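Below is one structure, written out as structure tokens, with a few remarks after it.
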Amino acid sequence: MATRVRPSSKRCAVIGGSGFLGRHLVEKLVDRGYTVSVFDIRQSYELPGVTFHQGDLCDKQALLPAMKDVSLVFHCASPAPASDDRRLFERVNIEGTRTVIQACNEAGVQKLVLTSSASVVFEGTDVKNGGEDLPYAKKPIDYYTQTKIQQEKLVLEAFDEGKGLLTVAIRPHGIFGPRDPQLVPILVDSARKGKMRFIIGDGTNVVDFTFVENVVHGHILAAERLRPDSPICGKPYHITNDEPVRFWDFMSEVLVGLGYAAPRYHLPYAVVYGLALLLWLLALILRPLVSFKPTFTPMRVALAGTHHYYSCERAKRDLGYKPL
Ligand SMILES: NC(=O)C1=CN([C@@H]2O[C@H](COP(=O)(O)OP(=O)(O)OC[C@H]3O[C@@H](n4cnc5c(N)ncnc54)[C@H](OP(=O)(O)O)[C@@H]3O)[C@@H](O)[C@H]2O)C=CC1
Ligand SMILES: CC(C)CCC[C@@H](C)[C@H]1CC[C@H]2C3=C(CC[C@]12C)[C@@]1(C)CCC(=O)C[C@@H]1CC3
């Protein structure tokens with residue numbers, strides 16, 4: 001009688017492995033002796049020990065070959081928040097994640113680690129040392145957040161010992177590090193256009209920015225602790241630097257370091273938020289005629305003007321996490 005060969009625990013797939021976080025994760029996994037297959041809509045680099053599968057994660061037939069003989073899947077693909085494209089977010093983050101789960105079940109994958117976001121609990125009001133027990137945002141500010149909530153729920157609810165699929169979600173926040181495609185680039189672009197002269201609010205709001213290597217570390221710890229009897233199954237975990245900083249000090253340090261002036265003049269938060277909302281509505285109404293993307297979106301203004309930092313105590317306790 002033929003017996004089904006259990007895939008090696010050192011074979012894994014990284015969906016979104018060509019992206020910023022995904023590539024850092026792939027590099028670390030290879031260092032740790034994993035054989036990695038990357039699945040992504042684009043291929044951005046080559047690395048010995050890594051096979052690339054190019055395709056759309058909404059296509060199960062395209063996904064399956066990347067999951068062959070794989071016991072562990074990391075899902076860290078998402079459209080960029082800046083696209084603000086409702087249909088795209090729904091298709092990739094919700095329908096696509098359903099497809100990823102189906103493909104994992106069909107391919108006999110044992111572990112699925114999702115990159116979620118701490119923003120799933122953020123709705124524009126202060127979050128101070130927020131734990132994982134905070135409720136999901138009832139009124140998420142943008143489509144990105146709205147679909148990240150649905151995505152996280154899908155993955156955590158897919159934890160099913162009967163089918164043999166163990167799941168966990170990692171919630172990073174404001175990732176920075178080499179090759180970051182959004183935080184520093186958006187900041188520099190805004191500074192170049194002379195839009196970084198103002199501090200939104202009183203400038204004392206404290207937030208998390210998380211170094212990419214810490215986020216990778218959290219993912220790998222979660223994957224290696226994910227076992228049938230483990231308390232982490234079906235749960236979300238915040239991964240932070242455990243060192244919240246003042247938003248506007250961080251922005252100023254980056255800007256000054258790159259030769260731009262630090263923001264100096266204060267604007268009232270409510271006024272800027274209201275203006276950002278108006279601009280967003282205008283862009284939506286005019287979309288069929290002209291396409292323009294406001295720099296100051298309601299989400300960016302909310303992130304720039306409120307406290308949003310999270311506790312990583314649960315990750316320390318259950319994953320043995322400690323910022324590197
Ligand atoms: N960066 C941050 O501050 C934070 C990020 N996250 C989460 O971390 C994850 C990684 O983010 P990050 O590395 O910054 O983002 P990137 O955009 O750099 O990486 C995402 C990758 O997924 C790819 N992708 C998008 N759509 C599809 C699709 N339909 N099929 C296959 N691949 C696809 C992207 O390709 P392409 O570039 O061509 O779209 C890209 O290569 C995401 O889930 C994000 O929500 C969470 C918290 C904070
Ligand atoms: C234009 C300025 C008011 C702000 C410039 C900096 C911002 C581009 C970044 C500051 C906080 C960042 C952040 C994210 C994207 C880039 C920032 C808004 C995320 C929305 C990325 C995706 C997530 O899951 C959450 C992040 C929170 C922090």
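All ligand and atom numbering here is 1-based and tracks the order in the structure. Since the model is a prediction, treat every value here as computed from it, not as a measurement.
For the residue pair H75 and T115, no side-chain donor N or O sits within less than 3.5 Å of a side-chain acceptor on the partner. No side-chain donor from either of K60 and T99 sits under 3.5 Å from a side-chain acceptor of the other. D142 and W280 share no side-chain donor-acceptor pair at under 3.5 Å.
Nearest protein heavy-atom neighbour of atom 46 (C) of ligand 1: S116 O, 3.1 Å. The protein atom (non-hydrogen) at minimum distance from atom 29 (N) of ligand 1 is D56 OD1, 3.0 Å. The single protein non-hydrogen atom nearest to atom 21 (C) of ligand 1 is D40 OD2, 3.7 Å, given as residue, atom name and distance. Closest to atom 18 (O) of ligand 1, if we only count protein heavy atoms, is F20 N, 2.9 Å. Atom 47 (C) of ligand 1 has its closest protein heavy atom at P172 O, 3.5 Å. Of the protein's non-hydrogen atoms, the one nearest atom 8 (O) of ligand 1 is T115 CG2, 3.2 Å. The nearest heavy-atom contact from the protein to atom 9 (C) of ligand 1 is C76 O, 3.5 Å. Nearest protein neighbour of atom 36 (P) of ligand 1, counting heavy atoms only, is R42 NE, 3.4 Å.
Under a 3.5 Å cut-off, the side chain of Q150 and the backbone N or O of I94 do not form any donor-acceptor pair. Side-chain atoms of H238 come within 3.5 Å of backbone N or O of S311 as a donor-acceptor pair. Counting only distance, with no hydrogens or angles, the side chain of N205 and the backbone of T306 share a donor-acceptor pair below 3.5 Å.
For F250 and F176, the ring centers are positioned less than 6.0 Å apart. The ring of F122 has its center no closer than 6.0 angstrom to the ring center of Y136. Residues H173 and Y310 place their aromatic rings such that the two centres sit under 6.0 Å apart. F89 and Y143 have their aromatic ring centers separated by at least 6.0 angstrom.
Summarising the contacts of atom 5 (C) of ligand 1 with I41, V92, L63, I175, the nearest heavy atom is found in I175. Proximity annotation for atom 30 (N) of ligand 1: of V120, V212, L57, L114, L57 comes nearest, heavy atoms only. Comparing A62, S78, A82 against atom 42 (C) of ligand 1, the shortest heavy-atom distance belongs to S78.
Within ligand 1, the atoms closer than 4.0 Å to a non-hydrogen atom of G174 are 3 (O), 48 (C), numbered from 1 in the order shown. Ligand-side atoms of ligand 1 in range of G55: 30 (N), 31 (C), range being under 4.0 angstrom from any heavy atom. Applying the 4.0 Å criterion to heavy atoms of Y144 picks out, from ligand 1, the atoms 6 (N), 7 (C), 44 (C), 45 (O), 46 (C). Close approach to Q182 involves these atoms of ligand 1, each under 4.0 Å from a residue heavy atom: 1 (N), 2 (C), 3 (O). Set against the non-hydrogen atoms of K148, the atoms of ligand 1 under 4.0 Å away are 42 (C), 43 (O), 44 (C), 45 (O).
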- Item | Pair R32-E224, salt bridge (charged side-chain N to carboxylate O under 4.0 Å, His left out): steps then yes or no | CA-CA 12 Å; R32 292 176 61 99; E224 294 182 348; 2.9 Å; yes

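Looking at N241, T240, D242 one by one, the single match for side-chain hydrogen bond (donor to acceptor under 3.5 Å, both in side chains) with N214 turns out to be N241.
Considering only residues two or more places apart in sequence or on other chains, D85 meets the salt bridge (Lys or Arg N to Asp or Glu O under 4.0 Å) condition with none of them.
Neither L284 nor L88 shares a network with the other; the hydrophobic side chains, linked directly or stepwise wherever heavy atoms of I, L, V, M, F, W or Y lie under 4.5 Å apart, form separate groups for each. Under the 4.5 Å side-chain heavy-atom criterion for ILVMFWY residues, a single connected hydrophobic cluster contains both L277 and I200.
Neither the backbone nor the side chain of S119 has any atom closer than 4.0 Å to an atom of ligand 1 (non-hydrogen atoms only). Proximity of R171 to ligand 1, defined as any heavy-atom pair under 4.0 Å, is not found for any part of the residue. Of all the heavy atoms of A80, none lies under 4.0 Å from any atom of ligand 1, so neither backbone nor side chain is involved.
The distance criterion of under 3.5 Å between nitrogen or oxygen atoms is not met by R91 with respect to ligand 1. Backbone and side-chain nitrogen or oxygen atoms of L21 are examined, and one is located within less than 3.5 angstrom of a nitrogen or oxygen of ligand 1.
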Present, as a list of atom pairs with distances to 0.1 Å, all nitrogen or oxygen contacts under 3.5 Å between ligand 2 and the protein.
| unit_1 | atom_1 | unit_2 | atom_2 | d |
| --- | --- | --- | --- | --- |
| ligand 2 | 24 (O) | S117 | OG | 2.7 |
| ligand 2 | 24 (O) | Y144 | OH | 2.7 |

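Distance check for atom 15 (O) of ligand 1: every protein heavy atom is found at 4.0 Å or beyond.
Relative to the six-membered ring of Y237, R314 meets both conditions, a distance below 6.0 Å and an angle of at most 45° to the axis.
At a threshold of 4.5 Å between non-hydrogen side-chain atoms, the residues R42 and S18 count as touching.
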